[in-house]
Amino acid sequence: MSDKIQAIRGMHDILPDQTPRWQGVERAFREVLASYGYQEIRLPIVEKTELFKRSIGEVTDIVEKEMYTFDDRNGDSLTLRPEGTAGCLRACLEHGLLHQPSLRLWYMGPMFRHERPQKGRYRQFQQMGVEAYGMAGADIDAELILLSKRLWKTLSIDHKLELQINSLGTVEERLVYREKLVEYFRVHFDALDEDSKRRLETNPLRILDTKNQQMSDVVKGAPALNECLGEASLSHFQQLTRTLDEAGVSYTINPRLVRGLDYYSRTVFEWVTTELGAQGTVCAGGRYDGLIAQLGGKASHAIGFALGVERLIDLLDDPARFDEAISPHAYLIRVGSEAERIGGLLAEQLRDALPQLRLIVHCDGGSFKSQFKRADKSGAAYALILGDNEVQNLNIGVKNLRKESEQITLEHYQLIPYLQSLIQI
RNA sequence: GUGACCGUAGUUCAGUUGGUAGAGCACAGGAUUGUGAUUCCUGUUGUCGUGGGUUCGAGCCCCAUCGGUCACCCCA
C-alpha cells in the first residue's frame with residue numbers, strides 16, 4: 001500500500017457508482033440554464049497568477065495561502081483557478097464579448113484551493129457558475145436567485161436550503177463603512193478574540209460574522225452597513241426584495257452576510273443548509289460591478305454565483321434515483337462460439353435500429369450460470385439468451401430479470417420491435 | 001497553518017491484561033450437464049499504513065512519519 005501512488009490529498013476520484021448522480025445534477029443544471037437562455041462557456045483551468053491577485057484581492061485567504069501557484073517553463077507565474085469568475089471575465093474581455101448590451105453565461109468544472117479538506121470541502125472541487133454581464137438593474141439579480149431556486153426544485157432539495165441576502169453597497173460606500181468599522185473595533189480592541197484582531201487588518205467585515213458567542217455584544221454595538229448605503233444602493237436592494245416577495249421567494253436579510261472576495265458590491269446572496277456540518281453554504285454569489293474596469297475593461301455591470309457540486313450532491317435525498325437512467329436495458333448472454341459470432345452481429349444490428357438501447361454484450365465466455373450472474377449484476381432489466389438451441393432454431397430467448405415472468409422465445413426479426421416497446425416504457 | 005479522533009482482507013468491521021489474525025459482504029467453484037437474484041456447501045483473499053523503540057514475544061505499549069475523517073481559520 002505504501003509504495004503505491006495515491007491521489008493528492010483533497011483530490012478525489014469520482015468512481016462509476018457515483019457518476020450517475022453527477023450526471024443527473026449536471027443535466028438538471030444545463031436544462032434550467034437553457035430555460036433562461038444562458039450559454040455555456042468553457043475556460044482554461046490555469047490562468048496567469050496576476051489575474052486572481054487583481055480580481056479576488058491580494059489580502060484574501062485565497063490569494064495569500066490557498067492558491068496552487070507554480071512557475072511556467074518561461075518564468076510566468078501560473079495558478080490553478082481557485083474560482084471561475086475571474087477567468088470568465090478575462091475571456092469575455094479578451095474576445096470582446098462585452099460589447100453586446102447583455103450576456104448570460106454558465107460554466108462548470110474543477111476549481112483548486114489548498115485548504116485542509118473536511119466535509120464538503122476539497123482541494124479539487126467542482127463548481128457550476130453563472131455570470132450575467134451588462135445589466136444594472138435589480139431584475140437580473142432576482143433572475144439569478146429565481147434560477148437557482150428552480151434548480152433546487154428540479155433536484156427536490158429546495159426544502160433544505162434557505163436564502164440569505166444582503167447589500168454591500170458600492171465599493172466606495174463599503175470603503176467608508178470599512179473605515180467606520182475599523183475605527184469602532186479599534187476602540188473595543190480588547191474585546192476582540194485573536195482571530196478578529198487579525199481580521200481587523202485583513203477583512204474587518206468578517207468580524208461581524210464571528211461564531212464566537214463572547215463577542216456578540218461588541219458585534220451588536222458595531223455600526224451597521226446599511227447606514228452607509230447611498231440612495232441608489234438602497235433602492236436597488238428594495239427592488240430586489242420586492243421582486244422576490246412578488247415571486248414568492250422567502251429569504252432572510254442577513255446584515256452580517258459579507259462575501260470573502262473583494263470584488264463584490266451591492267447584492268450578495270447565499271443559499272445555506274444545516275445538513276452539511278460546518279460547510280453550510282451550497283451556493284453563493286453577488287454583484288461585482290467594479291471588477292470589469294478593474295481588469296481593464298470598460299466600466300459595466302456584472303453579477304454571478306457559483307455552487308459547489310459536491311455539497312449539492314451531499315444534499316440529495318435519494319441519489320440512487322439517478323442510477324436507473326443509465327442502467328442497461330438488456331444483457332446479451334451467448335454460450336458457444338457460434339452464439340458469440342451471431343450474437344456480436346445481432347448486437348450491432350440492434351444498436352443500428354435502436355440508438356436509445358443500452359445493451360451489454362457478454363464477453364470472455366463462461367457458463368450460462370456465470371453469464372446470468374453477470375447479467376443480474378449489471379443491473380440490466382432483460383437478459384437476451386443465445387445458446388446452441390437458439391443458434392440451431394435461429395431464435396433468441398428473452399428473460400425479465402427484474403420481474404417474475406415466463407421466459408419467451410422470439411424470432412430475430414421480432415426482437416427489434418419488442419425491445420423498442422420495452423424502451424418506451 | 002492549528003486541534004481532536006482514526007489507519008487490520010477488494011470492502012465494512014471484530015481482535016480480551018501483549019502470546020503469533022477472524023467474521024459479514026464481495027469474489028470463484030459446486031449442489032442444479034441451459035438460467036441470475038433467494039437457500040445450502042466449499043474455497044481464495046493480509047508487509048495489521050510505514051519506519052524505529054520497549055519486550056522472550058507487539059495488530060495491541062512508546063516515538064516518529066505518512067494517510068484518512070471531522071472541526072477551527074476560510075470558503076462553493
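Atoms considered below: every heavy atom in the structure, side chains included; atoms not considered: hydrogens, waters and symmetry mates. The chains referred to below are lettered A, B, ... by the order of the sequence lines, with proteins before strands, and numbering in each begins at 1. Since this is a predicted model, take the numbers as computed values, not measurements.
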**Report entry** Proximal nucleotide (of B:G34, B:C70, B:A37) relative to the A:Lys373 side chain
**Finding:** B:A37
Query raised in the report: Counting only distance, no hydrogens or angles, is the base of B:U35 paired donor-acceptor with the side chain of A:Lys369 under 3.5 Å?
Result: no
Query - Residue among A:Ile253, A:Leu229, A:Thr241, A:Thr267 satisfying side chain to side chain contact (heavy atoms under 4.5 Å, CB included) with A:Ser167 - result: A:Leu229
Query - Upstream residue (5' side of RNA chain B) when A:Ala7 and A:Glu310 are each assigned their closest nucleotide - result: A:Ala7
Query raised in the report: When rounded to the nearest Å, what value does the distance between C1' atoms of B:A76 and B:C63 take?
Result: 40 Å
Query raised in the report: How would you label the contact of A:Glu390 with the nucleic acid (heavy atoms, under 4.0 Å): base, sugar-phosphate, or nothing?
Result: base
Query raised in the report: Got a salt bridge between A:Asp317 and A:Lys160, using NZ or NE/NH1/NH2 to carboxylate O under 4.0 Å?
Result: yes
Query raised in the report: Base, sugar-phosphate, or nothing: which does A:Glu64 touch, judged by heavy atoms less than 4.0 Å apart?
Result: nothing
Requested in this report: Write down the partner of B:G67 under the Watson-Crick or G-U wobble criteria, each distance required to be under 3.5 Å.
Outcome: B:C6
Report task. Calculate the interatomic distance between A:Gln118 atom CD and B:A76 atom C1'; express it in whole Å. Result -> 13 Å
Requested in this report: Describe the nucleic acid contact of A:Leu312 in one word from base, sugar-phosphate, nothing, applying a heavy-atom distance below 4.0 Å.
Outcome: nothing
**Report entry** is_close_aromatic(A:Trp271, A:Phe305), centroid dist under 6.0 Å
**Finding:** no
Query raised in the report: If pairing requires Watson-Crick or G-U wobble contacts with both distances under 3.5 Å, which nucleotide is the partner of B:G1?
Result: B:C72
**Report entry** Distance in angstrom units between A:Phe372 CZ and B:G30 P, rounded
**Finding:** 16 Å
Query raised in the report: So, is A:His362 near the phosphate of B:G36, with a side-chain N or O under 4.0 Å from OP1 or OP2?
Result: no
Query raised in the report: B:C72 base to A:Arg116 side chain: any donor-acceptor pair below 3.5 Å?
Result: no
Query raised in the report: So what does A:Gly120 touch, heavy atoms closer than 4.0 Å: a base, only the sugar-phosphate, or nothing?
Result: base
**Report entry** Selected nucleotide, minimal atom distance to A:Arg113 side chain, candidates B:C75, B:C74, B:G36
**Finding:** B:C75
Requested in this report: Would you kindly give the OH-to-P distance between A:Tyr122 and B:A71, to the nearest whole Å?
Outcome: 10 Å
Query - Separation of the P atoms in B:G18 and B:C60, to the nearest angstrom - result: 11 Å
**Report entry** Counter-base of B:A21, judged by Watson-Crick or G-U geometry with both distances under 3.5 Å
**Finding:** none
Query raised in the report: Could you state the CG-C1' distance from A:Asp388 to B:U33, rounded to the nearest angstrom?
Result: 12 Å
Query raised in the report: What is the pairing partner of B:C60, taking Watson-Crick or G-U wobble pairs with both distances under 3.5 Å in any strand?
Result: none
Report task. Sticking with atom C1', work out how far B:G7 lies from B:G15, rounded to a whole angstrom. Result -> 15 Å
Query raised in the report: Under 4.0 Å: is that the gap between some side-chain N or O of A:Arg206 and OP1 or OP2 of B:C75?
Result: yes
Query raised in the report: Counting only distance, no hydrogens or angles, is the base of B:G49 paired donor-acceptor with the side chain of A:Gln6 under 3.5 Å?
Result: no
Query raised in the report: When you check the gap from the basic side-chain N to the acidic O, do A:Glu338 and A:Arg341 get nearer than 4.0 Å?
Result: yes
**Report entry** Separation of atom CG in A:Asp314 from atom P in B:U69, rounded to whole Å
**Finding:** 12 Å
Report task. Rounded to whole angstrom, note down the P distance from B:C73 over to B:U17. Result -> 40 Å
**Report entry** Span that lies between the P atom of B:G30 and that of B:A23, in whole angstrom
**Finding:** 23 Å
**Report entry** Lys/Arg-Asp/Glu bridge criterion (N-O < 4.0 Å) met for A:Arg351, A:Glu348
**Finding:** yes
Query raised in the report: From B:G68, B:G34, B:A76, pick the nucleotide closest to the side chain of A:Ala284?
Result: B:A76
Query raised in the report: Taking atom C1' in both B:U20 and B:G24, what distance in whole Å separates the two?
Result: 24 Å
Report task. Searching all strands shown, indicate the nucleotide that pairs with B:G46 (Watson-Crick or G-U wobble; both distances under 3.5 Å). Result -> none
Query - Residue closer to the 5' end of RNA chain B, A:Glu270 versus A:Arg9 (nearest nucleotide) - result: A:Arg9
**Report entry** Spacing of A:His114 atom NE2 relative to B:U2 atom C1', expressed in whole Å
**Finding:** 14 Å
Report summary line: Under a 3.5 Å limit on both distances, the Watson-Crick or wobble mate of B:C40 is B:G30
Report summary line: When rounded to whole Å, the CZ to C1' distance for the pair A:Arg374 and B:A28 reads 11 Å
Query raised in the report: Salt bridge or not for A:Asp195 and A:Arg198, using N-O below 4.0 Å?
Result: yes
Query raised in the report: Can you find a donor-acceptor pair, distance only, under 3.5 Å between A:Arg199 side chain and B:C74 base?
Result: no
**Report entry** Separation between the P atoms of B:U16 and B:G22, rounded to whole Å
**Finding:** 14 Å
**Report entry** Span that lies between the P atom of B:G53 and that of B:C13, in whole angstrom
**Finding:** 32 Å
**Report entry** Chi angles and distances behind the side-chain hydrogen bond (donor to acceptor under 3.5 Å, both in side chains) call for A:Glu131, A:Tyr288
**Finding:** CA-CA 10 Å; A:Glu131 314 284 353; A:Tyr288 50 97; 2.3 Å; yes
Query raised in the report: Does the pair A:Asp314/A:Arg311 count as a salt bridge with the N-to-O cut at 4.0 Å?
Result: no
Query raised in the report: Rounded to whole angstrom units, what separation is found between the CE atom of A:Met108 and the C1' atom of B:A76?
Result: 15 Å
